[in-house]
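Below is one structure; the comments refer to it alone.
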There are 2 protein chains.
Amino acid sequence: MDISEVARRSGLPASTLRFYEEKGLIASIGRRGVRRIFDPGILQRLALIALGRQAGFSLDEIAGMFDTDGRPAIDRDQLSAKADELDRVIQRLSAMRDGLRHAAACPAPSHMECPSFQKMLASASTAPRISVQGVLDKT
Amino acid sequence: MDISEVARRSGLPASTLRFYEEKGLIASIGRRGVRRIFDPGILQRLALIALGRQAGFSLDEIAGMFDTDGRPAIDRDQLSAKADELDRVIQRLSAMRDGLRHAAACPAPSHMECPSFQKMLASASTAPRISVQGVLDKT
DNA sequence: TCTTGACTTAAAGTGAACTTGAATTTGCAC
DNA sequence: GTGCAAATTCAAGTTCACTTTAAGTCAAGA
């Protein structure tokens with residue numbers, strides 16, 4: 001597969017693929033002339049990268065999840081830990097969603113007067129912040 | 001309250017508070033000499049901002065959620081829409097969490113061979129990407 | 001063979017959200 | 001009154017994840 005096919009099938013622009021290669025996240029299997037040739041397995045790897053991004057990992061963190069031979073080297077404990085972390089995020093987002101829904105239906109003149117909205121605010125301000133460089137920022 | 005107290009009580013550095021003020025997200029109630037004085041209500045407002053950030057809104061979007069008198073001006077339809085959007089995020093994160101948990105317990109030698117992990121990958125790659133400038137990026 | 005359009009690299013640019021630095025001023029505890 | 005920790009402004013710097021640009025290379029179809 002050439003870069004345009006990978007781009008087409010993955011939905012990522014070629015520039016991003018080159019960027020990912022430069023970052024060490026992906027690798028081409030070789031070159032035809034000067035052009036990159038990719039193994040079809042690249043798509044699965046890109047899917048894994050997309051997954052990591054969605055879960056809030058930085059590209060550097062994702063790079064650390066593969067071992068030298070390029071296979072995912074995420075140990076099971078780490079996986080569980082991430083699942084737990086994700087669970088906490090989900091809990092807060094759920095509370096938020098419920099708060100939003102309630103506020104939308106609430107007859108209080110301003111959302112600020114809605115107890116449910118206030119409760120949501122309280123939990124939002126005490127909760128750790130979601131950051132770009134990880135699901136949870138323990139600052 | 002002076003800026004250091006707001007910083008202490010909100011957990012945000014003073015520099016961030018000044019930055020937020022510059023962006024129009026918050027306002028000081030006045031000055032004692034040259035120093036900012038904040039109304040205690042600022043904490044609630046910062047909580048609202050924190051909430052928005054957690055839900056994936058950009059600062060500009062959050063700024064648009066207050067009307068000129070500084071009260072939240074989020075209309076109920078918009079609120080519902082955001083709740084729906086959050087719901088979709090939660091769905092995907094839940095699937096991901098389940099996939100992670102399964103992979104952690106799965107006896108397959110590599111996670112790549114785990115059908116559950118593969119399923120998660122498939123959904124991750126087709127799903128819209130979470131971005132910094134909004135909960136969902138419709139690219 | 002010639003053309004052309006897709007590919008290449010390297011470097012610079014972008015935007016979001018802050019942080020840091022430097023120079024300056026000043027509220028307030030003593 | 002005075003000393004100074006803490007505030008102020010403004011500009012510039014940082015990180016992340018890309019995107020864009022410029023200039024050049026080259027595989028392949030007519």
Side-chain angles (χ1 to χ4, degrees), chain A residues 1-38 42 46 48-65 128-137 139, chain B residues 1-38 42 46 48-65 124 128-139:
Chain A
M1 300 170 69
D2 66 346
I3 204 170
S4 59
E5 190 175 354
V6 178
R8 192 176 48 74
R9 310 234 302 198
S10 68
L12 295 168
S15 65
T16 301
L17 297 174
R18 287 189 208 101
F19 172 71
Y20 279 3
E21 191 190 42
E22 198 179 344
K23 275 232 128 189
L25 282 156
I26 60 172
S28 57
I29 199 74
R31 299 274 181 139
R32 170 161 36 239
V34 77
R35 304 182 181 191
R36 291 167 182 79
I37 299 295
F38 293 97
I42 194 74
L46 287 170
L48 196 51
I49 293 167
L51 173 67
R53 296 277 301 116
Q54 276 183 48
F57 294 100
S58 70
L59 294 182
D60 285 351
E61 284 175 309
I62 293 168
M65 288 176 187
R129 323 241 299 290
I130 294 175
S131 75
V132 190
Q133 43 268 105
V135 175
L136 295 178
D137 202 357
T139 347
Chain B
M1 301 170 67
D2 65 346
I3 203 170
S4 59
E5 189 174 355
V6 178
R8 193 176 46 73
R9 311 233 301 198
S10 68
L12 295 169
S15 64
T16 301
L17 297 174
R18 288 190 207 100
F19 173 69
Y20 279 2
E21 192 190 39
E22 198 178 343
K23 275 232 127 190
L25 282 156
I26 59 173
S28 56
I29 198 74
R31 299 276 182 139
R32 171 161 32 244
V34 76
R35 303 183 182 190
R36 290 166 182 82
I37 299 296
F38 292 97
I42 194 74
L46 287 170
L48 196 50
I49 293 168
L51 173 67
R53 298 277 299 118
Q54 275 183 49
F57 295 99
S58 71
L59 295 182
D60 284 351
E61 284 175 311
I62 293 168
M65 288 177 188
R129 323 243 298 289
I130 295 174
S131 76
V132 190
Q133 43 270 103
V135 175
L136 294 179
D137 200 355
K138 292 98 181 172
T139 347

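Model, not experiment: these values are computed from the prediction. Quick note on labels: first sequence line is chain A, next is B, and so on, each numbered from 1.
Here A:R32 does not reach the OP1 or OP2 of D:dC26: none of its side-chain N or O atoms lies under 4.0 Å away. Dashed line: the shortest gap from a side-chain N or O of A:R31 to OP1 or OP2 of C:dT9 is under 4.0 Å. Side-chain N/O atoms of B:S4 include one lying less than 4.0 angstrom from OP1 or OP2 on D:dA7. In this model, the phosphate group of D:dT19 is approached by a side-chain N or O of A:T16 to a distance below 4.0 Å at OP1 or OP2. Not one side-chain nitrogen or oxygen of A:Y20 sits closer than 4.0 Å to the OP1 or OP2 atom of D:dA17. Between A:R18 and D:dC18 there is no side-chain N or O to OP1 or OP2 distance below 4.0 Å.
No side-chain heavy atom of A:R35 sits under 4.5 Å from any side-chain heavy atom of A:D2.
The shortest non-hydrogen separation linking A:A7 to A:P13 is CB-C, 4.5 Å.
In this structure, CG of B:L25 is placed 11 Å from C1' of C:dA17, rounded to the nearest angstrom. Here the C1' atom of nucleotide C:dT19 and the CD atom of B:E21 are 17 Å apart, to the nearest Å. Rounded to an integer number of Å, the gap from CD1 of A:I49 to P of D:dA17 is 12 Å. Straight-line distance from the CG atom of A:D60 to the C1' atom of D:dT15: 10 Å, rounded to whole Å. Protein atom CZ of A:F19 is 7 Å distant from nucleotide atom P of D:dA17, rounded to whole Å. Separating the CG atom of B:D2 from the P atom of C:dT26 is a distance of 17 Å, rounded to the nearest angstrom. D:dT20 atom P lies 16 Å from atom CD of A:E22, rounded to whole Å. A straight line from CG of B:L17 to P of C:dA17 spans 16 Å, rounded to a whole angstrom.
Closest contact between the side chain of B:I3 and the listed nucleotides D:dA17, D:dT8, C:dT20 involves D:dT8. Listed nucleotides: C:dC18, D:dC18, D:dT19. Nearest to the side chain of A:L59: D:dC18. Considering only side-chain atoms of B:S58, the nucleotide from D:dT19, C:dT19, C:dA17 that sits closest is C:dA17. Of the candidates D:dC26, C:dC18, D:dA28, the closest approach to any side-chain atom of A:V34 belongs to D:dC26.
In this structure, A:R31 places its CZ atom where more than 12 heavy-atom neighbours from other residues, nucleotides or ligands lie under 6.0 Å away.
Screening A:L25, A:I26, A:T16 against A:L46 for a side chain to side chain contact (heavy atoms under 4.5 Å, CB included) leaves a single residue, A:I26.
Side-chain atoms of A:S58 and A:D60 form no donor-acceptor pair, as typed in the model, at a separation below 3.5 Å.
Taking only distance into account, the side chain of B:R36 never meets the base of D:dA7 through a donor-acceptor pair shorter than 3.5 Å. A donor and an acceptor atom sit less than 3.5 Å apart, one in the side chain of B:R35 and one in the base of D:dA6.
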